[in-house]
Amino acid sequence: MTVRTRFAPSPTGYLHIGGARTALFSWAYARRHGGTFILRIEDTDIERSTPEAVQAIIDGMQWLDLAHDEGPFYQMQRMYRYKEVIEQMLAAGSAYHCYMSPEELDHIREAQRARGEKPRYDGRWRPESGKALPTPPSGVQPVVRFKNPQQGAVAWDDLVKGRIEFANDELDDFIIARADGTPTYNFCVVVDDWDMRITHVIRGDDHVNNTPRQINVLKALGAEVPEYAHVSMILGDDGQKLSKRHGAVSVMQYDEDGYLPEAVINYLARLGWSHGDEEVFSREQFVQWFDLAHITPSAAQFNTEKLNWLNAHYIKAADDGRLAGEIRKRLAAQDVTVGDHPDPAQVAALYKERVATLNELADAAHPFYVATHPAAELRAQHFTEPALAALRELRGRLAAAEWQRAALSQVLKDTLAATGLKMPQVAIPLRVALLGQPQSPAIDAVLEVLGREDVLGRLDAVL
RNA sequence: GUCCCUAUCGUCUAGAGGCCUAGGACAAUACCCUUUCACGGUAUGAACCGGGGUUCGAAUCCCCGUGGGGACGCCA
């Protein structure tokens, strides 16, 4: 049997971090077993589904490079199929029409709650041998309900959580088709998973409670029941539940904030799943190692600090040319045009060891392309008379220097010898003069990358 | 309220009855490196929710509490 998994988001918003992890796990499981990964858009909620959200989800998956093998399938395009199955079930007696009005339903649910019971449909229109059904009111379009077994229990061995069992009498006869004839979620999922021959349903654990109903429908249809793996949710950095209002951001926000997709993938893989003590691993390694048995059953809190650490690691490992492209793109967003000089790849090489995000990298590169006038405070602090004298001395030597790091380093040392100052006493004012800030990578390397023309020009501006 | 799930350092986790005086990573602290700031290196502190069982032996199995989460829609 070949593995078939699916990711089935509803297009009511962007792809957030929890959905991304579920997608990653489903994708990885299929890849691990040489199976098929299917993308299915659950858009039966006409009110809230939008084409923009579909696109946002596809964009997010593309950024993370989670390619699907089949689909995207849209549930709205499969209506004929759901209706066909509903007719079959009606004919077979595993589903029935119910004429109870929404108002009446609300009413009984309220009463049940008041009595401390679990609110549920009371089975009024459920056909039973020897039971007299009420007369259908005229002019009322009925809903279709699933005739759930009332005896026994439904159980499955969840691949993450272990055995889970529900008593059938906890489950009511849920609606599979609305009064307008459109099928509902719990029903569409079942038909789709069945038709698409899904072998492993990997999804958020907010679906645990839907699973017994879905299994019962599957059984009523004579379909094979897939394996289930319910992955727990991701909490925000503060331990609070993620919601649209609170911390649940689009994965694309991570792109915007300067994270590399491979860092996000590695972080997400490690959030709720483990392979011994392994922390840093490639996507390929992850696929080789991935299993459902090592997914943690409890909720995990997102930790931006650790993501930052991983991101820093992947930036260090990234190709200079790629980082140059990121610098270009990110500075362009600030209306800064990055030309060929200084070479952005060289600037990237200078800073890739020191930054945690691509935005920090772009910020670091900024003064290489836009000459900054040192702030008054910095000038007052660093441009003391002896420092200025040393910079003048240095400027003279630089004008004639061979523009190569080792040579520039020697020029610096000669300047120290000539002025009797220590390295920091010259290097720090020089940094302020060149980049407008007292910290930078090794100053000889900065000189080399910045180039003679810019260096002399910027020195002249402050001398 | 009812049902379901869950519980190891601040955080992510290792741990499948003896290998655990509980390991790794992020973060924290200290020191080292250093041409500043970082990076990097080394070291240190830091946890098995509580109570009962089972067992020669429990972080690991069972029960009860407690905390956290989810579900109870003609939403998905």
Side-chain angles (χ1 to χ4, degrees), chain A residues 8-12 42-45 47-49 75 98 100-102 105-106 109 112-121 141-145 158 160-162 164-167 169-172 174-186 188-189 204-212 230 232-233 235 237 239 241 267 270-280 293-294 296-310 312 316 351-356 364 409 412-413 416 422-432 437-445:
Chain A
S10 65
T12 54
E42 311 216 321
D43 55 355
T44 53
D45 185 349
E47 306 281 293
R48 298 192 300 153
S49 297
Q75 289 188 323
C98 167
M100 186 180 285
S101 69
L105 247 181
D106 281 347
R109 279 203 267 254
Q112 285 161 334
R113 261 184 229 276
R115 271 180 272 134
E117 289 166 18
K118 188 174 190 166
R120 72 244 276 201
Y121 175 65
Q141 279 301 312
V143 299
V144 179
R145 286 185 183 271
D158 196 276
V160 171
K161 293 177 183 283
I164 301 179
E165 192 169 316
F166 282 82
D169 61 16
E170 283 294 329
L171 275 21
D172 62 1
F174 71 102
I175 291 173
I176 61 176
R178 304 178 179 94
D180 65 6
T182 58
T184 60
Y185 166 77
N186 267 313
C188 298
V189 167
D205 75 355
D206 47 335
H207 289 289
V208 165
N209 297 278
N210 293 325
T211 306
H230 287 98
S232 68
M233 61 187 301
L235 272 22
D237 242 330
K241 186 193 164 190
Y267 179 74
R270 209 40 207 76
L271 189 64
W273 175 83
S274 61
H275 184 78
D277 288 338
E278 301 292 343
E279 294 287 352
V280 181
H294 288 87
T296 317
S298 54
Q301 189 171 317
F302 195 88
N303 186 223
T304 305
E305 303 265 20
K306 191 163 180 180
L307 206 214
N308 286 344
W309 169 74
L310 271 170
K316 286 187 189 84
Y351 283 94
K352 65 196 284 193
E353 301 270 337
R354 337 166 51 90
V355 298
S409 178
L412 238 21
K413 283 173 187 154
L416 296 183
K422 298 289 186 197
M423 183 63 91
Q425 294 174 296
V426 176
I428 295 179
L430 181 56
R431 289 186 169 98
V432 172
Q437 53 199 26
Q439 301 96 33
S440 83
I443 192 64
D444 49 0

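So that the names make sense, note that chain A is the first sequence line, chain B the second, and so on, each numbered from 1. The shown structure was predicted, so the numbers you read here are calculated from the model rather than taken from an experiment.
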- Task: Ignoring backbone atoms, establish whether A/S274 has a side-chain N or O less than 4.0 Å from OP1 or OP2 of B/rA14.
- Result: yes
- Query: Among the nucleotides B/rC12, B/rC26, B/rC74, which one has an atom lying closest to any side-chain atom of A/A300?
  - Reply: B/rC12
- Message: Give me the distance, rounded to whole Å, that separates B/rC20 from B/rA76 when you measure between the C1' atoms they each carry.
- Response: 45 Å
- Query: Which nucleotide, B/rC26, B/rG1, B/rG23, lies nearest any side-chain atom of A/W309?
  - Reply: B/rC26
- How is A/T44 classified with respect to the nucleic acid when contacts are heavy atoms under 4.0 Å: base, sugar-phosphate, or nothing? sugar-phosphate
- Task: Describe the nucleic acid contact of A/H207 in one word from base, sugar-phosphate, nothing, applying a heavy-atom distance below 4.0 Å.
- Result: base
- Message: Has A/Q301 got a side-chain atom pairing as donor or acceptor with A/D237's backbone, closer than 3.5 angstrom?
- Response: yes
- For A/E165, report the nucleic acid contact type (base, sugar-phosphate, nothing); a contact means any heavy atom under 4.0 Å. sugar-phosphate
- Between B/rA30 and B/rA38, how far apart are the P atoms? Round to whole Å, please. 13 Å
- With the side chain defined as heavy atoms from C-beta on, A/L271 is closest, among B/rG1, B/rU35, B/rC12, to B/rC12
- Task: Would you mind pulling out the nucleotide paired to B/rC9, Watson-Crick or G-U wobble, both distances under 3.5 Å?
- Result: none
- Query: Taking the P atom of each, how far is B/rG41 from B/rA46, in whole Å?
  - Reply: 23 Å
- Message: Nearest whole Å is fine: how far is B/rG10 P from A/K306 NZ?
- Response: 15 Å
- Message: Say we look at B/rU42 and B/rC33: how far apart would their P atoms be, to the nearest angstrom?
- Response: 15 Å
- Message: Both distances below 3.5 Å, Watson-Crick or wobble geometry, any strand: find the nucleotide opposite B/rU29.
- Response: B/rA43
- Message: On the side chain of A/E279, is there an atom forming a donor-acceptor pair with the base of B/rG24 - under 3.5 Å, no angle test?
- Response: yes
- If pairing means Watson-Crick or G-U wobble with both distances under 3.5 Å, then the partner of B/rC49 is B/rG65
- Query: Base, sugar-phosphate, or nothing for A/G272, non-hydrogen atoms under 4.0 angstrom?
  - Reply: sugar-phosphate
- Task: Please determine, for the side chain of A/R270, which listed nucleotide (B/rU13, B/rU6, B/rG1) has the closest atom?
- Result: B/rU13
- In whole Å, what separates the C1' atom of B/rU13 from that of B/rG70? 23 Å
- Donor/acceptor link under 3.5 angstrom from A/D205 side chain onto base of B/rG70: no
- Task: Taking A/D172 for its side chain and A/Y121 for its backbone only, find out whether a donor-acceptor pair lies under 3.5 Å.
- Result: yes
- Phosphate-side-chain proximity, A/T296 and B/rU13, N/O vs OP1/OP2 below 4.0 Å: yes
- Message: Suppose we define a pair by two distances each less than 3.5 Å, Watson-Crick or G-U wobble; what does B/rG57 pair with here?
- Response: none
- Student check: side-chain heavy atoms of A/F174 and A/N210 closer than 4.5 Å: no
- Query: Taking only N and O in the side chain of A/H294, is any of them less than 4.0 Å away from OP1 or OP2 of B/rU13?
  - Reply: no
- Message: Work out how far the C1' atom of B/rU8 is from that of B/rG67, and round it to whole angstrom.
- Response: 15 Å
- What about A/R120: does its side chain form a donor-acceptor pair under 3.5 Å with the base of B/rC72? no
- Message: What contact category does A/K316 fall into here, base, sugar-phosphate, or nothing, at under 4.0 angstrom with non-hydrogen atoms?
- Response: sugar-phosphate
- Message: What's A/I164 touching, base or sugar-phosphate or nothing? Going by heavy atoms closer than 4.0 Å.
- Response: sugar-phosphate
- Message: I'd like the C1' distance from B/rA7 over to B/rG65, given in whole Å.
- Response: 13 Å
- Message: Any base atoms under 4.0 Å from A/V143, or only sugar-phosphate, or nothing? Heavy atoms, all strands.
- Response: base
- Message: If you only use heavy atoms from C-beta on, which nucleotide in B/rC74, B/rA76, B/rA27 is closest to the side chain of A/P102?
- Response: B/rC74
- Query: Would one find a side-chain N or O of A/R109 under 4.0 angstrom from OP1 or OP2 of B/rG73?
  - Reply: yes
- Task: Give A/N210 one of three labels, base, sugar-phosphate or nothing, depending on what nucleic acid heavy atoms sit under 4.0 Å from its own.
- Result: base
- Task: Using a 4.0 Å heavy-atom cut-off across all strands, classify A/Q301 as base, sugar-phosphate, or nothing.
- Result: sugar-phosphate
- Message: Less than 4.5 Å apart, side chain to side chain, heavy atoms only: is that true for A/T184 and A/V143?
- Response: no
- Item | P-based separation of B/rA47 from B/rU55 [nearest Å] | 31 Å
- Using purine N1 to pyrimidine N3 plus N6-O4 or O6-N4 for Watson-Crick, or N1-O2 and O6-N3 for G-U wobble, both under 3.5 Å, which nucleotide pairs with B/rC3? B/rG70
